[in-house]
K.L.:
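Below is one structure. I have some questions about it.
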Amino acid sequence: MERETLTLITEGLERILSDAPLEAIDRAGGLGADADALWAALAENGYPKLCAAEAYNGFGAALADGLEFATITARHAAALPLADTVFAAGLMSAAGCEAPDMRIAIADPLDPASPVPHAAQAGAVLFLSDDRLICAKLTPDDYTVLAKAEDGTARLHGPPSDVIAEHAAPRWLTPQAFRGLAALFRAAQMAGAMQSVLSMTLTYTQEREQFGRPLAKFQAIQHHLSDIACETAASIAAVEMAGDALRADPICGSGVLDEIAIAKTRCGEAASKVAACAHQAHGAMGFTREYALGRYTRRLWQWQDEFGSETEWAALLGRGVLGDAEPSLWPRISQPL
Amino acid sequence: MFHFPRLEFSEEAGALRKDVRAFLASERATGGFVPAADCWVSAADPEFSRKMGARGWLGMTWPKAYGGHNRPVADRFVVTEEMLAAGAPVAAHWIADRQTGNHILRYGTEEQRLSILPRIAAGECFTAIGMSEPQAGSDLAAIQTSATRTETGWTLSGRKIWSTGAHYSHYMIVLARTSPAEGRNRQVGLSQFLVDLSLPGIDISGIEDLGGTPHFNETLFENVALPPEALLGTQGNGWAQCMGELALERSGPERFLTSLIALEHALPLIARHADERRAAETGSILANLRVLRRMSLGVAQMLEQGESPATAAAVVKEMGNRLENDIVAKLRAMLAGIPKSEWPVGLESLLREAVLHLPSNTLRGGTTEILRGIIAREMGMR
Ligand SMILES: Cc1cc2nc3c(=O)[nH]c(=O)nc-3n(C[C@H](O)[C@H](O)[C@H](O)COP(=O)(O)OP(=O)(O)OC[C@H]3O[C@@H](n4cnc5c(N)ncnc54)[C@H](O)[C@@H]3O)c2cc1C
């Protein structure tokens, strides 16, 4: 998609999100009238189908373009499965079918028993099973919501059977590629959440005073903020790098999967550090349900574990290196960008 | 501060990388060098530098009129990162090629450019950094070395310390006070001088580092008579010029590739004992290095576009320094439990060398604390 078009679309998304009562929606678990109204506004603009081909009522953007959507919704801590639906509609389009006009959750094909994020917020779930891409209806009878998790994450009782659409998956869409792309969306979301954590922590420490001066004037606090900034910058760079690779090879070849593994590893590592530093700088206030920091950090902690944690992805990368006939990091580090 | 532009390598850069790798392989095979950790600081070999010069791998980005090769920043990046990854003895020319040459190109007189740059590009002229003093480390503006105008030029007096490679260098860029501070503002009244180290009145004495390598020096300037053109750039603009130099100094691949050589040496052994834990440590290092390299390339791109990415450079160095420590820690963890009888020759020493250099990473070129302060200032906290 042309840069200008994408910019126009992302600006539109930013506007809608900025106007929505996102905190209230989040408090309601992404359910209820406000959430429905917000989704209706997004759907009216066609945003959930950003990455679907025009033939399937989409904008025809690449999945790599969808990463920006993921980052933006995360920056707003929007309690809705926009990123996941964009992802699902994009994959369905690649398989040759149109996504239903619903909120769509996605299931991890490599670990089918893992809870499905957004299940309770969504009307359907997309999963990959025996080379078939299946989109099935989700009703509350199909799952049990997971306690202490964000965004209606739920454990499915079994593969949902009320199929809305089913199609052979494109050959390149292996379970590894599906999970990898989903992991990359989570990485982009983590990078977005970190940006908000950074600005919130900056504002908070500049406003709150102790010992007669703003917290921001204490060097120890400045160092926490510096760490947050560095980790955030690295996460953004990691997502861009994987996004560039995906743009150059949209069918997710092994080189792209390596960059994705790098991005999920790096962002996952950063998430822990950013959350820890931000909470330290916020004191007890940050540890309340009321204060907004948790809307971001809770998601950071959750996203780092979804579709493979940083340790799993790092191990995958590492097994690749150590399995080479002549194990060496440098040829991989120095790959063209 | 958060956006590090993408630097794309051209096809020529790919070909260049092959050439450099072939050169390094043949040098190693013929005993031209033994790989060393921290090679850009502690492994100086003028002969090796001349070989690089002869291949056109020094002063790569400078105009041809000054002995340069008019190549894009990305090409220089290829050469430097390959040298570091191989642990090649590049210390002799490192500072001249990285920053002093660029500084002379930007601020020097035409005569200085014509006489010095071609020699740097040939690998025959080396330079040192004269910023720190016994009483002025992190607090650089506290320097006491002074230069006063005379009828024939300048007189320089003072003491510089920690100058890497001054003992084999031909020139040093010295930061000196040329007029008093204005009240609390000590950054005014500072100037940079390009000092020929063979002049009378200069005494250089070596200092051994923690590992016993005599790599840095104390330099005494006793009423050294300098010609007028020794003033580099504008009188009183020394602070700003220094900060520009630091962007070059802080963002390069030497900020995260110094201990990689020890890890690479150990990898085949680790691979024979591969398990989940070792794989995860290896993968984490790969992820961190690759991302940081992308950011470092981004800073190189900003420099090429004429921006002054001081904060972005600080971000790269700060993270790079932490990563170096992390790599060594992870390497030790991965080696734990593997009998020494299986360790390849040289690994033990490489590891010891990497460990002994650890403290310097987070000090030289601006300490971690100072870098974090720079980043915090950019965010408006100071
Ligand atoms: C291997 C090596 C090579 C070097 N090469 C050169 C060279 O070629 N040329 C050159 O000019 N210099 C060189 N240096 C010097 C280097 O730039 C200084 O070491 C560095 O700037 C720190 O100064 P210092 O050592 O005096 O430490 P200090 O400034 O005395 O610092 C000691 C400790 O106090 C901390 N500290 C200081 N001020 C603050 C503050 N405001 N807030 C919080 N903490 C603070 C520091 O971060 C550090 O942890 C080299 C140093 C090393 C180790």
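The figures that follow rest on heavy atoms only: side chains count, while hydrogens, waters and symmetry mates do not. So you know, we letter chains A, B, ... as the sequences are listed, proteins then strands, and number each from 1.
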K.L.:
So which part of B:Arg272 gets closer than 4.5 Å to some heavy atom of chain A, the side chain, the backbone, both or neither?
P.N.:
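Contact with chain A: none, neither part.
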K.L.:
So which residue, A:Gln195, A:Arg266, A:Lys264, A:Glu312, ends up with the most heavy-atom pairs under 4.5 Å with chain B?
P.N.:
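Highest number of pairs under 4.5 Å: A:Arg266.
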K.L.:
Chain A heavy atoms under 4.5 Å from B:Arg6: which part of the residue, side chain, backbone, both or neither?
P.N.:
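For B:Arg6, the contact with chain A is made by the side chain alone.
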K.L.:
Which atoms of A:Gln222 are under 4.5 Å from chain B, going by heavy atoms: the side chain, the backbone, both sets, or neither?
P.N.:
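Its backbone and side chain both get close to chain B.
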K.L.:
Can you tell which of A:Leu225, A:Thr232, A:Thr265, A:Asp258 has the highest number of heavy-atom pairs within less than 4.5 Å of chain B?
P.N.:
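Between A:Leu225, A:Thr232, A:Thr265, A:Asp258, the count favours A:Leu225.
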K.L.:
Could you look at B:Ile285 and say if it's the side chain, the backbone, both or neither that has a heavy atom under 4.5 Å from chain A?
P.N.:
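Only the side chain of B:Ile285 comes within 4.5 Å of chain A.
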K.L.:
Check whether B:Arg21 gets within reach of chain A through its side chain, its backbone, both or neither, counting any heavy atom under 4.5 Å.
P.N.:
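Contact with chain A: side chain only.
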K.L.:
Given the rule in the side-chain contact (heavy atoms from CB on, under 4.5 Å) test, do B:Thr282 and A:Arg319 qualify, once you have shown the distances and angles that lead to the verdict?
P.N.:
CA-CA 8 Å; B:Thr282 305; A:Arg319 279 196 299 271; over 6 Å; no
K.L.:
Check whether A:Glu326 gets within reach of chain B through its side chain, its backbone, both or neither, counting any heavy atom under 4.5 Å.
P.N.:
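Contact with chain B: none, neither part.
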K.L.:
What part of B:Leu267 lies closer than 4.5 angstrom to a heavy atom of chain A: side chain, backbone, both or neither?
P.N.:
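The answer is both parts of B:Leu267.
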K.L.:
Let's test your reading of the structure: which of A:Ile236, A:Leu198, A:Asp244, A:Thr205 forms the most heavy-atom pairs below 4.5 Å with chain B?
P.N.:
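Highest number of pairs under 4.5 Å: A:Asp244.
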K.L.:
Below 4.5 Å from any heavy atom of chain A, which atoms of B:Met381 appear? Answer side chain, backbone, both or neither.
P.N.:
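Answer is both: backbone and side chain atoms of B:Met381 are under 4.5 Å from chain A.
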K.L.:
So which of A:Ser328, A:Ala238, A:Ala237 has the biggest tally of heavy-atom pairs under 4.5 Å with chain B?
P.N.:
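The candidate making the most pairs under 4.5 Å is A:Ser328.
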K.L.:
Below 4.5 Å, heavy atoms only, C-beta onward: do A:Cys230 and B:Arg322 meet side chain to side chain?
P.N.:
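Sidechains of B:Arg322 and A:Cys230: in contact.
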K.L.:
Shortest non-hydrogen contact from B:Gly373 to A:His223?
P.N.:
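Scanning both residues completely, I find the closest heavy atoms to be N-NE2, 4.5 Å.
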K.L.:
Does the B:Arg290 side chain pair with the main chain of A:Gln335, one donor and one acceptor, at a distance under 3.5 Å?
P.N.:
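The answer is yes, because a donor-acceptor pair under 3.5 Å joins these two groups.
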K.L.:
Is it the side chain or the backbone of B:Arg277 that comes within 4.5 Å of chain A heavy atoms, both, or neither?
P.N.:
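When you check distances to chain A, no heavy atom of B:Arg277 falls under 4.5 Å.
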K.L.:
State the CG-CG distance between B:Leu286 and A:Leu317, to the nearest 0.5 angstrom.
P.N.:
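If we round to the nearest 0.5 Å, B:Leu286:CG and A:Leu317:CG are 5.0 Å apart.
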K.L.:
For B:Leu7, is it the side chain, the backbone, both, or neither that has a heavy atom closer than 4.5 Å to a heavy atom of chain A?
P.N.:
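It is the backbone, since no side chain atom gets that close.
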K.L.:
Heavy atoms only, distances under 4.5 angstrom: which of A:Glu269, A:Arg332, A:Gln206, A:Glu240 has the most pairs with chain B? Name it, please.
P.N.:
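Ranked by contacts with chain B, first place is A:Glu240.
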K.L.:
Find the one option among A:Leu337, A:Leu202, A:Leu316 whose heavy-atom pairs under 4.5 Å with chain B are most numerous.
P.N.:
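Max contact count across the listed options: A:Leu337.
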K.L.:
Does any backbone or side-chain atom of B:Glu281 lie under 4.5 Å from a heavy atom of chain A? Answer side chain, backbone, both or neither.
P.N.:
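Neither part; nothing is under 4.5 Å.
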K.L.:
Are a donor atom and an acceptor atom from the side chains of A:Glu310 and B:Ser284 found within less than 3.5 Å of each other?
P.N.:
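Note: A:Glu310 and B:Ser284 side chains miss the donor-acceptor criterion.
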K.L.:
Given a strict heavy-atom distance threshold of 4.5 Å, which part of B:Glu318 is in contact with chain A: side chain, backbone, both, or neither?
P.N.:
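Interface part for B:Glu318: side chain.
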K.L.:
Side chains of A:Trp330 and B:Glu81 only: does a donor on one sit below 3.5 Å from an acceptor on the other?
P.N.:
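Note: A:Trp330 and B:Glu81 side chains miss the donor-acceptor criterion.
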